[in-house]
Amino acid sequence: MNTKVRNSNIELIRIVAMLFIVTFHISINAQKGELPSHNYIISITTTGVNLFLLITGYFGIRLKWKSILNILCIIIFYYIVSLVANYLIFKQSPSTGEIISIFTPINRNPWWYMKCYIPLMLLSPGLNVVKEKATEKQYRFLLTTMIYLSCYSGFLLNNFYVNHNGFNLFQFITMYFIGDALKRYRIADFFSKKQWLFIYTVSTVILFFYFSYIDNTNRYNNPVLMFAAISLFCLISKFDIRSSLINQAASYMLPIYLLQDSPFGFKIYNILYSKGVELNFTGWEYYQKLAIYIAALLTLAFILETTRQLLLNKLINNTSKRLKEKVNIFDE
């Protein structure tokens with residue numbers, strides 16, 4: 001597999017991860033976990049975030065001025081869209097804190113994932129040096145230590161100061177290195193498709209019993225959850241898939257996440273919950289509303305992201321070129 005080209009099988013993983021995340025958020029936010037199927041749903045879909053991080057580690061981050069400016073513009077754009085939508089539809093004026101957050105997108109954006117991902121981006125040049133310059137023994141020791149600290153010290157011993165629940169930068173760095181290890185050691189080749197499917201199925205069943213009888217709290221450093229994400233990643237990566245449609249669709253996954261997990265998105269989830277209570281979360285009418293929501297989310301993400309690119313891509317390109325000429329600190 002040519003790791004320099006984002007083949008469709010990996011891009012398909014990106015789409016699957018977003019499908020999982022949206023389904024997970026529907027169960028958590030639009031149904032408040034009240035359906036009997038909730039534990040089944042979260043045991044399957046809670047792998048979505050770790051899947052995204054594995055993709056990031058698999059390809060690696062090559063930091064450039066353009067990538068920094070692009071991610072900051074994306075966050076600012078969708079945050080403004082969310083606040084404007086709240087004002088126009090729900091007559092809710094933005095607070096002073098929300099306005100300040102527009103101009104401080106790294107630390108005060110409303111998405112916890114982005115609050116961890118941007119620091120990961122900024123640290124990536126140093127992390128890449130470690131990956132590329134470390135000896136084999138040093139690399140394996142570092143990888144083993146991070147997994148130990150995340151899964152054993154953080155998850156099993158509940159060490160708050162290391163990695164209490166996986167909603168933090170340390171978890172992102174750990175998954176970044178695991179994703180790199182999947183490529184470096186060609187982990188997917190260790191087993192066949194059927195074997196990876198079996199491993200993923202067993203991991204998901206264990207997660208179901210864990211969420212049902214031990215603790216239904218979602219923690220991304222759960223070792224079984226991490227292993228389920230790894231096995232699903234390896235399973236899908238073994239397929240030879242080449243599709244321009246999949247590659248194009250994958251580019252809209254981040255906008256989908258930002259829209260549905262925004263302040264405006266949470267208001268929509270509250271409306272869906274109220275409608276669900278009225279309809280007892282069953283029947284054709286209820287599932288029709290869910291289908292309309294998903295279709296509207298996909299359509300809106302496509303329209304808004306296309307608009308954002310038309311409005312800002314030229315500005316981002318020109319600004320990144322000027323910054324590169326004046327402050328060339330990245331390997332571009």
Side-chain angles (χ1 to χ4, degrees), residues 14-15 17-19 21-22 24-26 28-30 48-49 52 56 61 63-122 167 169 172 248-274 292-323:
R14 197 183 305 276
I15 295 173
M18 184 50 59
L19 174 64
I21 288 172
V22 172
F24 176 84
H25 285 170
I26 288 174
I28 292 290
N29 299 315
V49 168
F52 266 118
T56 302
I61 300 173
L63 196 62
K64 301 177 181 179
W65 282 117
K66 182 178 179 180
S67 59
I68 295 175
L69 293 174
N70 190 58
I71 199 70
L72 292 178
C73 285
I74 287 174
I75 290 173
I76 293 171
F77 177 84
Y78 284 100
Y79 193 26
I80 291 175
V81 166
S82 176
L83 296 179
V84 170
N86 274 347
Y87 178 75
L88 294 177
I89 298 176
F90 299 108
K91 309 304 179 184
Q92 177 181 326
S93 299
S95 65
T96 302
E98 288 174 327
I99 294 175
I100 294 174
S101 296
I102 295 174
F103 302 99
T104 55
I106 294 179
N107 297 313
R108 299 193 60 172
N109 72 77
W111 300 281
W112 77 267
Y113 181 92
M114 304 310 298
K115 289 176 182 176
C116 296
Y117 183 78
I118 294 177
L120 177 66
M121 286 183 63
L122 298 177
F167 289 79
L169 179 59
F172 278 50
Q248 184 178 5
S251 66
Y252 292 95
M253 294 303 104
L254 180 57
I256 290 173
Y257 163 72
L258 296 177
L259 282 172
Q260 57 85 42
D261 205 39
S262 67
F264 174 72
F266 280 113
K267 288 189 177 296
I268 299 300
Y269 276 135
N270 288 335
I271 292 174
L272 285 174
Y273 175 72
S274 298
I292 292 173
Y293 164 73
I294 294 172
L297 178 63
L298 298 177
T299 303
L300 189 60
F302 174 79
I303 294 173
L304 287 174
E305 183 58 16
T306 302
T307 302
R308 185 196 69 81
Q309 292 179 16
L310 290 174
L311 292 175
L312 299 176
N313 273 5
K314 186 176 181 179
L315 175 62
I316 292 172
N317 291 336
N318 292 337
T319 305
S320 63
K321 288 179 181 178
R322 293 176 183 175
L323 286 171

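Atom CG of residue Leu259 and atom CG of residue Leu297 lie 6.0 Å apart, to the nearest 0.5 angstrom. How far CD1 of Ile106 is from CG of Leu122: 5.5 Å, rounded to the nearest 0.5 Å. The OG1 atom of Thr299 sits 11.5 Å away from atom CD1 of Ile294, with the distance rounded to the nearest 0.5 Å. Taken to the nearest 0.5 Å, the OH atom of Tyr78 stands 5.5 Å off from the CG atom of Leu304. Between Ser320 atom OG and Asn70 atom CG the span is 9.5 Å, to the nearest 0.5 Å. Separation of atoms CG (Asn313) and CG (Leu69) is listed at 11.5 Å; rounding is to 0.5 Å.
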**Message:** Between Phe266 and Asn86, does the side chain to side chain contact (heavy atoms under 4.5 Å, CB included) criterion hold? Intermediate values first, please.
**Reply:** CA-CA 10 Å; Phe266 280 113; Asn86 274 347; over 6 Å; no
**Request:** Show your working on side chain to side chain contact (heavy atoms under 4.5 Å, CB included) between Ile268 and Phe264 and close with a plain yes or no.
**Result:** CA-CA 7 Å; Ile268 299 300; Phe264 174 72; 3.8 Å; yes
**Test side chain to side chain contact (heavy atoms under 4.5 Å, CB included) applied to Met114 and Leu258, step by step** = CA-CA 9 Å; Met114 304 310 298; Leu258 296 177; 4.0 Å; yes
**Message:** Would Ile102 and Leu83 count as a side chain to side chain contact (heavy atoms under 4.5 Å, CB included) here? Give the steps.
**Reply:** CA-CA 10 Å; Ile102 295 174; Leu83 296 179; 3.8 Å; yes
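Pairing each heavy atom of Gly48 with each of Ala17, the nearest pair is O-CB, 3.6 Å. Ile68 approaches Ile71 most closely through the heavy-atom pair O-CG2, 3.2 Å. Pro119 and Cys116 make their closest contact through CD-O, 3.3 Å (heavy atoms, listed as atom of the first residue, atom of the second, distance).
Looking only at side-chain heavy atoms (C-beta outward), Asp261 and Tyr113 stay at 4.5 Å or farther from each other. Annotation: side chain of Ile256 is in contact with side chain of Met253 (closest heavy-atom distance under 4.5 Å). Taking the side chain as every heavy atom from C-beta outward, Tyr79 and Asn109 never approach each other to under 4.5 Å. Under the 4.5 Å side-chain criterion, counting only non-hydrogen atoms from C-beta, Tyr117 is not in contact with Phe52. Under the 4.5 Å side-chain criterion, counting only non-hydrogen atoms from C-beta, Tyr269 is in contact with Leu272. Between Tyr252 and Leu298, the closest side-chain pair of non-hydrogen atoms is not below 4.5 Å. When side chains are defined from C-beta on, Leu72 counts as touching Ile118, because their heavy atoms get closer than 4.5 Å.
Residues satisfying the salt bridge (charged side-chain N to carboxylate O under 4.0 Å, His left out) criterion with Glu98, sequence neighbours excluded, are absent altogether. Taking the side chain to side chain donor-acceptor pair (under 3.5 Å) definition, one finds that Lys321 meets it with nothing, sequence neighbours left out.
Judged purely by atom type and a 3.5 angstrom limit, Ser67 has no side-chain atom pairing as donor or acceptor with the backbone of Leu63. For Gln260 (side chain) and Tyr257 (main-chain N/O), a donor-acceptor pair under 3.5 Å exists by modelled atom type.
Counting heavy atoms of neighbouring residues, nucleotides and ligands inside a 6.0 Å radius, atom CZ of Phe90 exceeds 12 of them.
Between Phe172 and Trp112, the ring planes lie perpendicular to each other; the angle is over 60°, past the 30° to 60° tilted range.
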